[in-house]
Amino acid sequence: MKPLSCIILLLFFSSCIKEIELDFGNIKPQLVVNCLFAEDKPWELFLTRTKNASDTEDPVIENARVAIVDESQRTIELVYQGKGVYRSGQHPEKGITYHLQIDVPGHETVSATNSIPASIDISNINFTDKQTSYFFTSTMEDFDVAPLSFDVESSSEAFVRFRFYTFDTNSGYLRYCLPADSLEVLRKDGLPECVLEKLADISDVVFITSEFHKLNSEILEDCGFYQTDVYNKFVQFRVEERVFEAFLIDDIFSTSNWAHNVSIDFRTVLGTFNKQEKANLFVAHKSIFNKTNEIENWLEVTSMSKDYYKYQESYIRQAFQAANPYVDVVQVYSNITNGVGIFAGYNRQMVHFFYY
């Protein structure tokens, strides 16, 4: 009788199963703008639209007219470069208010206004190699750190971000490039088509060391292939210029009452002050206590527009709280009219400090 009773129960439960179609309503897609601008790089904007349930990737917008108008009504046109990116060879300038205007068929005109804030004055930098332990209450962990303090000053209310970076003078100046004419040689050598397709997309592109290693890992993961001969075809050379992408971010903490780590992020300190303050920070010990001059230590001090500050703080909070089902979802700040996203200026300074 037991087998029969199991069959009856199985039929009973299977008869209770019902497919339900979820109706999310007719939600009109919005344009999503990402444009953070500074004097040291040309205009660049990333434009997509909000995803729906069937989208596996960000749906990029290819047919937009993107214009930036300054205070004197001079218009800068950003040209589409592919993959949702619009660029101009011109650079923004500090102290000028810029107005963004984006026109896409089927959408209302998207707009935003922002500017690059003034620089923050940094003085009286005081750093010692005294190792100490810092208990970070957000993660309940001890970190080995070294103290760093300095004065910051601004002519008005300032919004600031601190980050700590290292630069390896051995690998930081290295560049890698695969000449396009190497592809045919690799094809004749019997290289798998999966690998050839990936290499074709990046031929004649210059990579920094970390990007080069990441490419190797992606090919290994996606194609299950690793062969030293492939990477020997990349031309290796050195440059004299440090690029920001070659810097490596490390731990930083604040002990000032006006500046703090957001959420459980121990790589970013945000703060706002008026006129003058002292910044008391702790920076990662493992990088600081390298007793050679091969590793440089750098403090990034970024003056942010108020909109950028709100966007950065809310973005960090959302990223760290998204996986927690017991807290409300944080809405990322947006200053875009008729769309979502951010159009905001910043002013970055890199301060090199050392003790060797």
By side-chain contact (heavy atoms from CB on, under 4.5 Å), which residues pair with K41, not counting sequence neighbours? Y346
Check for me whether the distance between the ring centres of F343 and F37 falls short of 6.0 Å. yes
Which one of N297, V283, I249 satisfies the side chain to side chain contact (heavy atoms under 4.5 Å, CB included) criterion with T166? N297
Whether the D70 and S72 side chains hold a donor-acceptor pair (N or O, under 3.5 Å, no angle test) is what I'd like checked. yes
Say whether, by atom type as modelled, one donor and one acceptor occur between the side chain of R175 and the main chain of V235 under 3.5 angstrom. no
Salt bridge check: are R317 and E313 linked by an N-O gap of less than 4.0 Å? yes
Flag, side chain of T139 to backbone of I264, donor-acceptor distance under 3.5 Å: no
Can you label the angle between the F273 ring and the W258 ring as parallel, tilted or perpendicular, going by 30° and 60°? perpendicular
For N280 and S149, does a side-chain donor sit closer than 3.5 Å to a side-chain acceptor? no
Taking atom CG of N63 as the centre, does the number of heavy atoms from other residues, nucleotides or ligands within less than 6.0 Å exceed 12? yes
Set of residues satisfying side chain to side chain donor-acceptor pair (under 3.5 Å) with respect to H213, sequence neighbours excluded: none
Show your working on ring pair (Phe, Tyr, Trp, His ring centres under 6.0 Å) between Y173 and F167 and close with a plain yes or no. CA-CA 9 Å; Y173 295 114; F167 184 84; 5.1 Å; yes
Between the main-chain N or O of V152 and the side-chain N or O of K278, is there a donor-acceptor pair closer than 3.5 Å? no
Would you say that more than 12 heavy atoms from the other residues, nucleotides or ligands in this model lie under 6.0 Å from the CD of E221, or not? no
Take Q349 and N347 through the test side chain to side chain donor-acceptor pair (under 3.5 Å) and record every step on the way to the result. CA-CA 7 Å; Q349 301 176 66; N347 195 327; 5.5 Å; no
Hey, are E184 and R187 close enough for a salt bridge, meaning a charged N less than 4.0 Å from a carboxylate O? yes
Main-chain N/O of P29 paired with T50 side-chain donor or acceptor, under 3.5 Å: no
Centroid separation Y311 to Y333 less than 6.0 Å: no
Are the side chain of S88 and the backbone of Q90 linked by a donor-acceptor contact shorter than 3.5 Å? yes
Checking ring-ring contact (aromatic ring centres under 6.0 Å, His included) against Y176, which of F234, F212, F237 comes through? F212
Distance alone, cut at 3.5 Å: any donor-acceptor contact between the side chains of H99 and T113? yes
Main-chain N/O of A180 paired with D204 side-chain donor or acceptor, under 3.5 Å: yes
Report yes if the distance between the aromatic ring centroids of F266 and Y134 is under 6.0 Å, otherwise no. no
Does the side chain to side chain contact (heavy atoms under 4.5 Å, CB included) test come out yes or no for R242 and F247, once each step is laid out? CA-CA 8 Å; R242 299 183 190 89; F247 285 75; 3.8 Å; yes
Quick one: does any side-chain atom of E39 pair with a main-chain N or O of K94 as donor and acceptor, under 3.5 Å? yes
Hphob cluster co-occupancy, V69 + Y86, side-chain heavy atoms under 4.5 angstrom: no
Closest heavy-atom contact between A158 and I120? CB-CD1, 4.3 Å
